[in-house]
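Working notes, beginning with the structure itself.
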Amino acid sequence: MWSANSFQRKVIEYYRQHGRKHLPWQGTKDPYRIWLSEIMLQQTQVATVIPYYEAFLERFPTIVDLAEASSDEVMHLWSGLGYYSRARNLHKAAKTVAEEYAGTFPQDPEEIEALPGIGLSTAGAIAAFAFDKPTAILDGNVKRVLARCYGIEGWAGKSAVLKALWAKAEENTPVKDTAQYNQAMMDLGAVICTRTKPKCDKCPLAKECFALKQGMISELPGKKPKKARPKRSVYWLVCIEDNQVLLHKRPPSGIWGGLWCFPEIEQSEPIPEHSQKLSSFVHKFSHYDLEVQPLLVKKLSKTGIMEPNETERFALAFLNKKTQAKTAQIGLPTPVSKLLASLQ
DNA sequence: TATACGTGGGC
DNA sequence: TGCCCAAGTAT
C-alpha cells in the first residue's frame, strides 16, 4: 500500500490530466458561490444542479442579495430540487453572514460549520476551496473511493465505519494543495469510481485497490439496510374560483416546509360534499409513498374542513394565465406544479 | 443511533 | 418495474 504522499500524487495527477475543471462552480474562489454549489450538490447529481445553480446566482449574485430576499422567492428558486431544508438553512445562514459578519463569509472552519445546513464535510470543502485551508472532506464520492481502496467494510451510517473513513480521509489529505486534492477525490468518485460499473481500467488507484483485487467492487461501500416504505393517503382539495386556485403555505418544518400546496386532508376523513375526483397518483418519496387523490371542490368553506378566518395561513395563487402560475414567486413541490399544470 | 428530509437517473 | 441511491445535515 502506498504512503499518503504517493496516494495524493496519484490522485492529483489523475485530476490534472483527466479531471473535470469547467463545472459552473469551478474556477472561482468566491465563498458564496462555492457554498451554494456544495449545498445544492448534497444528495443531488451534478446535471440536476447546474440549471438551478445558474438561475439562483442570476437572481441572488451575492450573499447580501440572498439575505434580503423573501423566503417565498428563495423557495421558488429551489422548487423541484428537493430537500428544502437546504434552502431554508441557506437563507438563514445568509442572514447570519450579512448581520454578524458584515456580509463577509467566515474563513474559520469551525465558524463555517456553525452556520445552519453546513456539516463537517461541507465546511471542509468550503474552507479548502475558498480559503485554501487544509481541511478534509468526506462526501459520498470520497467514501466510495476510500472504502474500496482500503477495504473498509460496513455501512457508513455506523459510527465505527464513519470513523474509519474519516481517519483515512484525514490521513491522506495533504496540507498543501488541499483544494486540488479534494476536488480530485470528488471527481475520481463521481467519474471513475462510480457506484455501478466503475472504470477501474482508468483509475489511478487500481494497482493497489483492495476491492478490485478481492473482487469486492459490488460489496463496497457497504449498503444501508433497507426498511419498509410506508404509504400515506391524502386528498388534495382543488378549489378554483374566478380562475384562481387556493393554495396553502406549509409550516417551516416537515415535508415541503415553507412551500405552497393544495389544502390536504387524510383519506380517513369523509369526502367533502359536492366534490369531484380527479385522477389520482402516487408520489414516491425516499422514505414513504404518498397516494394523492385530488378533489375538485366548489367552496372550501362549505367543506367544513377549514375555517375561512385562517387567512394568515392561506393565499391565492393565480391560475387564469399560464404565465402567472409558472412565474408566481413562491415555492411549489414538484407534484403540485404538475397538478397545477394539468388544470390549465 | 435511527430517522426525516425530495427528486430523478440508472439498471 | 421496482429498487438503490446521488457532492449530507439536523434532530
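Remember, predicted model here, so these are calculated numbers, not experimental data. Residue numbers begin at 1 in each chain, while the letters A, B, ... track the order of the sequences.
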Identify, residue by residue, the members of [range] with a heavy atom below 4.0 Å from DNA chain C, and return them in order of residue number, or none.
{"range": "residues 142-179 of chain A", "value": "A/R144"}
{"range": "residues 119-130 of chain A", "value": "A/G119, A/L120, A/S121, A/T122"}
{"range": "residues 223-231 of chain A", "value": "A/K223, A/K226"}

With a 4.0 Å cut-off on heavy atoms, is [X] in touch with a base, just the backbone sugar-phosphate, or nothing at all?
{"X": "A/R20", "result": "base"}
{"X": "A/I34", "result": "nothing"}
{"X": "A/V49", "result": "nothing"}
{"X": "A/W25", "result": "base"}

Can any side-chain N or O of [X] pair as donor or acceptor with the backbone N or O of [Y] at less than 3.5 Å?
{"X": "A/T173", "Y": "A/A169", "result": "yes"}
{"X": "A/Y84", "Y": "A/G331", "result": "no"}
{"X": "A/E171", "Y": "A/A4", "result": "no"}

Contact pattern, 5' to 3', of nucleotides 6-11 of chain B - B, S or - by protein heavy atom under 4.0 Å: BBSB-S
Under 4.0 Å between a side-chain nitrogen and a carboxylate oxygen: does that hold for A/R232 and A/D289? no
With a 3.5 Å cut-off and no angle check, do the side chains of A/R86 and A/T44 form a donor-acceptor pair? yes
May I have the step-by-step check of side chain to side chain donor-acceptor pair (under 3.5 Å) for A/Q183 and A/Q26, ending in yes or no? CA-CA 9 Å; A/Q183 191 59 249; A/Q26 295 178 324; 3.2 Å; yes
Give the ring-plane orientation class for A/F60 versus A/F56, where under 30° counts as parallel, over 60° as perpendicular and anything between as tilted. perpendicular
Ignoring hydrogens and angles, write down the donor-acceptor pairs under 3.5 Å from the side chains of residues 149-156 of chain A, residues two or more places apart or on other chains.
residue: A/Y150; atom: OH; partner: A/N172; partner atom: ND2; Å: 2.9

Start with the C-alpha gap between A/E266 and A/S233, add the side-chain angles, then the distance that decides, and say whether side chain to side chain donor-acceptor pair (under 3.5 Å) holds. CA-CA 6 Å; A/E266 298 291 329; A/S233 300; over 6 Å; no
Do you know which two heavy atoms are closest between [X] and [Y], and how far apart they sit?
{"X": "A/G117", "Y": "A/Q42", "answer": "O-NE2, 3.6 Å"}
{"X": "A/H91", "Y": "A/S70", "answer": "CE1-C, 3.9 Å"}
{"X": "A/R88", "Y": "A/S253", "answer": "NH2-CA, 4.5 Å"}

Go through the steps for A/E13 and A/R16 under the test salt bridge (charged side-chain N to carboxylate O under 4.0 Å, His left out), then give the verdict. CA-CA 5 Å; A/E13 180 59 18; A/R16 197 187 66 75; 3.0 Å; yes
Can you list, by residue number, the residues of residues 106-118 of chain A that have a non-hydrogen atom closer than 4.0 angstrom to DNA chain B? none
For the pair made of [atom1] in [X] and [atom2] in [N], what is the distance, rounded to whole Å?
{"X": "A/R232", "N": "B/dA4", "atom1": "CZ", "atom2": "C1'", "result": "13 Å"}
{"X": "A/D289", "N": "C/dG2", "atom1": "CG", "atom2": "C1'", "result": "10 Å"}
{"X": "A/N89", "N": "B/dC5", "atom1": "CG", "atom2": "P", "result": "14 Å"}
{"X": "A/E38", "N": "C/dA6", "atom1": "CD", "atom2": "C1'", "result": "14 Å"}

Would you measure the distance from the [atom1] atom in [N] across to the matching atom in [M] and give it in whole Å?
{"N": "C/dC4", "M": "B/dT3", "atom1": "P", "value": "15 Å"}
{"N": "C/dA6", "M": "B/dT1", "atom1": "C1'", "value": "23 Å"}
{"N": "B/dG6", "M": "C/dT11", "atom1": "P", "value": "14 Å"}

Candidate pair A/H283 and A/W256, rule ring-ring contact (aromatic ring centres under 6.0 Å, His included), full reasoning: CA-CA 13 Å; A/H283 182 76; A/W256 293 331; 5.7 Å; yes
Around atom NZ of A/K277, are there more than 12 heavy atoms of other residues, nucleotides or ligands at under 6.0 Å? no
Going through the checks in order, is the side chain to side chain donor-acceptor pair (under 3.5 Å) test met by A/D72 and A/W260? CA-CA 9 Å; A/D72 277 332; A/W260 294 77; 3.0 Å; yes
